[in-house]
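Throughout, protein chains are lettered first and strands after them, A, B, ... in sequence-line order, and every chain is numbered starting at 1.
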Number of protein chains: 2
Amino acid sequence: MANIKDIAKKAGVSVTTVSRVLNNHPYVSEGKRKAVLLAIEESNYQRNINAVHLSKGETLLIGVVVPFTNHPYFGLLVEGIANEAMKNNYKLVLFQTNYEADREIEALKMLQYKQIDSLIICSRICGWEIINQFTEYGPIVLCEDARNHNVSSTFIDHYISFTNALEYLHNKGHYKVGYCIGRKSGSSSRQRGKAYADFLSRINERYNEEYIFYECLNFEHGEDVVRRLSSMDNPPTALLVTNDIAAAGIVTSCREIGIRIPDDLAIMGFDNQPISKIMHITTLEIPLVQMGRNLLLQALDGEKHTHEEISVKLIERQTV
Amino acid sequence: MANIKDIAKKAGVSVTTVSRVLNNHPYVSEGKRKAVLLAIEESNYQRNINAVHLSKGETLLIGVVVPFTNHPYFGLLVEGIANEAMKNNYKLVLFQTNYEADREIEALKMLQYKQIDSLIICSRICGWEIINQFTEYGPIVLCEDARNHNVSSTFIDHYISFTNALEYLHNKGHYKVGYCIGRKSGSSSRQRGKAYADFLSRINERYNEEYIFYECLNFEHGEDVVRRLSSMDNPPTALLVTNDIAAAGIVTSCREIGIRIPDDLAIMGFDNQPISKIMHITTLEIPLVQMGRNLLLQALDGEKHTHEEISVKLIERQTV
DNA sequence: TTAATTTATGAAACGCATTTCAGAGCAAGA
DNA sequence: TCTTGCTCTGAAATGCGTTTCATAAATTAA
């Protein structure tokens, strides 16, 4: 395959001039430009992108770390990221971690090795002591409140939004409120846990371990929740479900065994996924696509670290 | 930052020897190996991955083309691809095309430019006349029957599986059968359309344009289908829905307006997504994760073109 | 007219690791 | 003893484009 040198020879110019033509630099006379373009055409020349990467030290690749690609929450987030990446001529390298720290470290190492220009971590597993070791190698963008760290972030205030949702349920007369969440650890889970604990003490209710459901990620997990629910002596009258799909699963399973919603059990979802609209699930809208877009822009912005809080909106429908 | 030359100097060996150590070549004496490793350690040396790529002419990157990242069908497929990629130390570059041909061409060009080692196209938009132009640049793997082409493929026989599903419905007493599908064009849609037409003529039914529903991709699209259905004078008594999520949406919307399933309307899904189990939707199981794995292995296999047909299985539940 | 810019061009340095090739040294087999 | 055949090592070639620097030529400004 022809390389830039061949083109230069063929067009009777220097490689510098060829490079200028390829990169649309000014200061190339019309005659030479034409000659170069002709030579490129005739030799069917293709720039070796890896040589460009080596030379420029950048790859136009952005890493995206998600625990699961196949999850509606991250699906929307990645959709936003992908759309914006497209606009900016960047491509995405996808890291599916399954919440294994090693996978996340692999992604960080790709940043270190310069195989990607920056890294977006949609849900972090590694501790900050690890992340911080890599901030020097390139922009890292988080999808959580990271205002005290050497990265950029786009996030929502989980404490406030959880509190709002809880208060909403309380105003509707619920005081036996439980919640379903994806994982025990993680920064958002902590914030939500705190909001929950504070809410309970505000309304003078006792913390009941039974009212918290973990591993609530998908439609099918709703079944487990409802099973546990129906075996309880003193079940909650309302459930905050941090993900509409799981909420939809719960609603579906409830219908099946005759638990009336919202009369027997009120359900409040999160995200405002399309499914929540169809199933009339009251939910807290999180503009995931928009957040994704923002994450990518921050990743491109490189040097300066910015932090953007996105606000959520409660959407009243028929499950509370 | 240190490079391989610095390490060579520091360790008192040639760059060749350093490279040998880095790549675990044999024929390096223990003494020199140790010296090199020490020098690497002390200089905090990082191999420049782009130089490696340039030199080796490969990137350990595999492109994956999907119309939407945020769709359960492709979600499972990508999950399988990602898992297998991980095992083989490959990373994925994700191309979300939204079914725009230009996006797919971009991916093909990245193959041409050697920024990716091979390309998996999960759902093709471009015609073969375009794909064929790129087969010389690296392995291309399709998720459709491509036995007559210069690529590898993992696929299911949509004609047969659609036929089986239709016959199953027919055996249950249905002859007014319609179907819901994602898009009008595309190879799988054509195969299914043919199976449908052949089925109709076999049972002596007239082709009814109204019985076919397009753009049926997601849960929310079920609503539209049901709306159209309920306004029909002579609606079908059974519906084949090429995607469980859409089927679930249809089931949900039907319940809402009192269409009984399967009595008033039988629903048959596709994929055997988790949601279909929960909602007891009769479906045709497509082992998407396994297919994804296979696609990746074929992508790695490079030179030789293989074609693997995956068989599907009808799973009887309660919506037919 | 002279000085200061701007335009245009190419040689050479730079980014960096892998691989081929040639050769030295040593051991095993004939 | 002589021939093969490993083991080990490094110089040099290879992959390829970008960018800096020096310089010449053409303009514009003073």
Given [options], which nucleotide is nearest the side-chain atoms of [X]?
| X | options | result |
| --- | --- | --- |
| A:Asn23 | D:dT18, D:dT7, C:dC16 | D:dT18 |
| B:Tyr27 | D:dC6, C:dT19, C:dT9 | D:dC6 |
| A:Ala51 | D:dT18, C:dA17, D:dC16 | D:dC16 |

Would you classify [X] as touching base, sugar-phosphate or nothing, given that sugar-phosphate means primed atoms plus P, OP1 and OP2, and contacts are heavy atoms under 4.0 Å?
| X | value |
| --- | --- |
| A:Ser29 | sugar-phosphate |
| B:Val28 | sugar-phosphate |
| B:Asn50 | nothing |

For this session: Could you check whether the rings of B:His71 and B:Tyr73 sit parallel, tilted or perpendicular, using 30° and 60° as the cut-offs?
Result: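 Aromatic pair B:His71/B:Tyr73 classed perpendicular.
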Exercise. How are the rings of A:Trp128 and A:His149 set to each other: parallel, tilted or perpendicular (split at 30° and 60°)?
Worked result: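 Rings of A:Trp128 and A:His149: parallel, as their planes differ by under 30°.
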Exercise. Of all of residues 5-16 of chain B, which get a heavy atom below 4.0 angstrom from DNA chain D, listed by number?
Worked result: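 Within residues 5-16 of chain B, the residues near DNA chain D are B:Val13, B:Ser14, B:Thr16.
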Measure [atom1]/[X] against [atom2]/[N] and give the value in whole Å, please.
| X | N | atom1 | atom2 | value |
| --- | --- | --- | --- | --- |
| B:His25 | C:dA17 | NE2 | C1' | 11 Å |
| B:His53 | D:dG17 | NE2 | P | 17 Å |
| B:Lys32 | D:dT7 | NZ | P | 17 Å |
| B:Lys56 | C:dC16 | NZ | P | 18 Å |
| A:Gln115 | C:dA17 | CD | C1' | 14 Å |
| B:Glu58 | D:dG15 | CD | P | 16 Å |
| A:Asn24 | D:dG17 | CG | C1' | 15 Å |
| A:Ile4 | C:dG10 | CD1 | P | 12 Å |

Exercise. For the helix from C:dT1-D:dA30 to C:dA30-D:dT1, what angle lies between the axis at the first five pairs and the axis at the last five pairs, to 10 degrees?
Worked result: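 Comparing the first five pairs with the last five, the axes sit 30° apart.
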Below the 4.0 Å mark, does [N] have OP1 or OP2 next to a side-chain nitrogen or oxygen of [X]?
| X | N | answer |
| --- | --- | --- |
| A:Ser19 | D:dT18 | yes |
| B:Tyr45 | C:dA17 | yes |
| B:Thr17 | D:dG10 | yes |
| A:Arg33 | C:dA8 | no |

For this session: Determine whether A:Leu77 and B:Asn70 make a side-chain contact, defined as any pair of heavy atoms from C-beta on separated by less than 4.5 Å.
Result: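 Not in contact.
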Exercise. Do A:Tyr113 and A:Tyr137 make the cut of ring centroids closer than 6.0 angstrom?
Worked result: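 Not under 6.0 Å, so no.
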Exercise. So which one's nearest nucleotide on DNA chain C is more toward 5', B:Leu54 or B:Leu22?
Worked result: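 Closer to the 5' end of DNA chain C: B:Leu54.
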Exercise. Relative to the 5' end of DNA chain C, which residue comes earlier, B:Arg20 or B:Val52, by the nucleotide with the nearest heavy atom?
Worked result: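 Here B:Val52 is the residue nearer the 5' end.
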Short side-chain donor-acceptor distance under 3.5 Å, [Y] and [X]:
| X | Y | value |
| --- | --- | --- |
| A:Arg183 | A:Ser123 | yes |
| A:Thr154 | A:Glu308 | no |
| B:Gln46 | A:Gln112 | yes |

Problem set entry | side-chain contact (heavy atoms from CB on, under 4.5 Å) partner of B:Ile121, chosen from B:Val66, B:Ile131, B:Leu295, B:Thr97 |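 The residue from B:Val66, B:Ile131, B:Leu295, B:Thr97 that satisfies side-chain contact (heavy atoms from CB on, under 4.5 Å) with B:Ile121 turns out to be B:Ile131.
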Problem set entry | Least distance between heavy atoms, B:Tyr45 atom then B:Ile4 atom |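 Nearest heavy atoms, B:Tyr45 then B:Ile4: CE1-N, 3.7 Å.
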Exercise. What closest approach, in Å, do B:Leu111 and B:Pro139 show between heavy atoms, and which atom pair accounts for it?
Worked result: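 Closest approach of B:Leu111 to B:Pro139: CD2-O, 4.1 Å.
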